[in-house]
Structures are given as C-alpha cells and as structure tokens.
Protein chains: 2
Amino acid sequence: MTTPMLTKNQSLVFDVLTKAEGPLSAYTILDKLRDHGFRAPLQVYRALDKLLEYGVVHRLESINSFVVCAHPNEDCHSHGLVAFAICESCGQVIEFHDHEVDHRLMDWLKSQKFKAEKSTIEIRGHCAGCAA
Amino acid sequence: MTTPMLTKNQSLVFDVLTKAEGPLSAYTILDKLRDHGFRAPLQVYRALDKLLEYGVVHRLESINSFVVCAHPNEDCHSHGLVAFAICESCGQVIEFHDHEVDHRLMDWLKSQKFKAEKSTIEIRGHCAGCAA
DNA sequence: ATCAATTGCGTTATGCTATAACGTGTGCGA
DNA sequence: TCGCACACGTTATAGCATAACGCAATTGAT
C-alpha cells in the first residue's frame with residue numbers, strides 16, 4: 001500500500017507520535033492535541049485507524065498504545081510479521097522483523113489451514129539500559 | 001509452579017472458562033456467575049490473576065479475553081513461548097508452542113540485551129472451518 | 001451541471017475493560 | 001494472642017473504544 005497524503009488530523013496525530021520517545025495511548029495523544037482543537041477521542045481513533053491502515057503506525061495490543069513504524073521508508077505491511085520488545089521501565093520499544101520466525105509461524109498456520117490476517121508479537125521486559 | 005488448591009471463586013471462574021467453547025471476556029464471565037453470587041468485576045479479575053499466575057489460564061491481549069490452557073497436565077510457564085491462532089469468525093482459539101520460534105526470538109532478545117518477562121504471540125484470521 | 005457516493009470531520013453519548021481504596025473475616029505461625 | 005497473609009465483598013473511579021447522528025467537501029459518472 002502506498003501512503004496517500006495525510007489529512008490535517010492524521011498529520012497532527014502522526015507528528016505527535018513521531019516526536020514521542022515511545023508509545024502513546026489514544027487519550028494521551030488527545031491531550032497533546034487539545035491545543036490544536038482536538039476535543040474528542042474519536043478524532044484520535046479515526047486518524048489512528050488510517051495511519052494503521054497505511055502501515056506507518058503500529059498498535060501495541062498489550063499496552064493499548066500506538067507507536068510510529070521504525071522503518072519509515074519501507075512498507076511495514078510487506079515485510080511480514082513485526083515483533084516488538086517493550087521495556088516496562090522506560091517504555092521504549094524496539095521493533096524488529098525476522099523471516100525465520102515468520103516462516104515458522106506461517107508454516108504452522110498453513111498446516112492448520114488457518115488463514116492469518118493480523119499478527120501480534122510483543123515481548124515485555126526490560127531493555128539493556130533498564131535491566132541493570 | 002505447582003497449582004495450589006483453587007478457592008471457591010477461582011474454581012467458579014475456571015469452570016466457566018473450561019465449559020466455554022472459546023475465550024471469554026472478564027465481564028462475560030461475570031455475567032455467567034451472577035447466579036453464583038458474583039456482583040463485581042474485581043471478583044472475576046482477582047480470580048483470573050491467580051489462574052494466570054498458576055498458568056492454567058491465558059490472557060489474549062488482542063481481544064481482551066481469557067481462555068483455559070490447552071495443556072492441562074503440563075505447566076504452561078515451563079514450555080516457553082505460547083502462541084495463539086484466533087478465529088475472528090467463530091472465536092475458537094488454537095494454542096501452540098514452537099521451540100524454534102522460541103529460540104529465534106530469545107536469541108534476538110539476547111543480542112539486544114533485553115530481559116524478556118512476558119510474551120504475547122497472537123495471530124488473528126480465519127480457521128479451517130470458517131475460511132471456506 | 002448535477003446528483004450520488006465517498007470521505008473526513010465534529011459532537012454527544014454510551015459501552016466495555018480494568019483497577020483503586022476501603023473494610024471484613026479467616027487461618028496460621030511466632 | 002498477636003500479627004501477618006490472603007481471600008473476599010463493595011463502592012467508586014479510571015482508562016480504552018465505539019455507536020450514531022449530522023454536516024461539509026470531493027469526486028466522478030451520467
């Protein structure tokens with residue numbers, strides 16, 4: 001999917017996420033955008049839906065938050081499964097991809113005749129800096 | 001971890017989940033237990049916390065639901081990462097484990113000096129029966 | 001040109017998910 | 001018997017997400 005021009009709201013949400021150090025919840029984004037006229041959660045969620053669809057933002061299911069894709073120039077929908085390591089101390093997220101894991105999971109799913117559509121791989125723990 | 005005797009509430013919640021065809025949300029469990037005296041969400045969540053701790057129940061982050069472990073006689077905490085295939089049509093869940101995926105992810109995390117604590121691997125899509 | 005369909009937007013209201021904070025009772029070991 | 005840990009019950013609240021309405025702008029086919 002090629003990313004179309006972002007609308008005003010989409011840009012605002014995307015900018016907030018880009019400037020953030022780590023993942024943000026929808027309501028945190030909302031608060032950061034009140035000065036720009038945002039009043040309701042739906043304004044955020046609608047923008048996020050599109051950004052997710054375009055593949056420029058990821059949703060972290062285990063912490064109900066959103067983060068910009070770490071591979072700005074590629075299409076995240078194309079490079080298979082995405083995995084995240086989420087630090088529970090500092091909140092930082094490391095995004096990575098592994099074709100082996102990818103294949104292995106896909107093979108298994110195929111053996112079960114399961115048609116995969118969306119995937120979530122999230123590891124929570126402590127990053128190098130925080131584990132000390 | 002060996003699973004201690006379950007308390008009354010824990011048993012009730014566990015039974016409901018065991019009899020269910022698929023994953024249930026905490027509030028669905030609550031509704032099913034109103035006849036048994038349950039009145040508040042906390043009664044469910046507290047029981048679930050323990051059942052999760054004992055490893056006899058899994059939490060599905062991507063659908064905010066809970067399901068009994070598919071391997072009643074083993075200790076789910078011991079056989080590494082757990083992955084789930086969740087059918088978005090019928091709601092059924094297939095639980096599986098793969099040491100290769102396991103190792104691969106762990107190696108990567110190790111290379112990043114990331115200390116993993118909890119993991120979530122969930123694939124949503126359509127099962128063999130529903131994909132038709 | 002016009003009409004219909006689509007898309008984005010704003011607002012209000014609501015529903016679902018999860019936990020905080022308080023108090024009670026019970027069992028058990030020091 | 002005192003203190004502690006644990007399960008439990010209740011009320012209240014916090015946090016996450018969407019339904020349903022209406023309006024405006026855009027597009028594109030007739």
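Fair warning: this is a prediction, and the values are worked out from it, not measured in the lab. Computed from heavy atoms alone, side chains included, the values below leave out hydrogens, waters and symmetry copies.
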Worksheet item: If you walk 5' to 3' along DNA chain C, what is the first nucleotide with an atom under 4.0 Å of a heavy atom in chain B, and what is the last?
Response: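 Using the under 4.0 Å cut-off, the span is C/dT17 to C/dA21.
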Salt-bridged, [X] to [Y], with N to O below 4.0 Å?
{"X": "A/K118", "Y": "A/E61", "result": "no"}
{"X": "B/R46", "Y": "B/D49", "result": "no"}
{"X": "B/R104", "Y": "B/D107", "result": "no"}

Worksheet item: How does protein contact run along nucleotides 9-22 of chain D, one letter per nucleotide 5' to 3', with B for base contact, S for sugar-phosphate only, - for none, heavy atoms under 4.0 Å?
Response: BBB----BBBBB--
Discussion item. How close do A/C127 and B/F114 get, counting heavy atoms only, and between which atoms?
Written reply: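 In this case the closest contact between A/C127 and B/F114 is CA-CD1, 3.5 Å.
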Practice prompt. List the steps and the verdict of side-chain hydrogen bond (donor to acceptor under 3.5 Å, both in side chains) for B/T120 and A/R124.
Written response: CA-CA 8 Å; B/T120 299; A/R124 290 171 308 295; 3.2 Å; yes
Worksheet item: Distance-only, no hydrogens or angles: does the A/H58 side chain make a donor-acceptor pair with backbone N or O of A/F66 under 3.5 Å?
Response: no
Item to complete: Mind telling me whether A/H97 and A/H71 have parallel, tilted or perpendicular rings, with 30° and 60° as the class edges?
Response: perpendicular
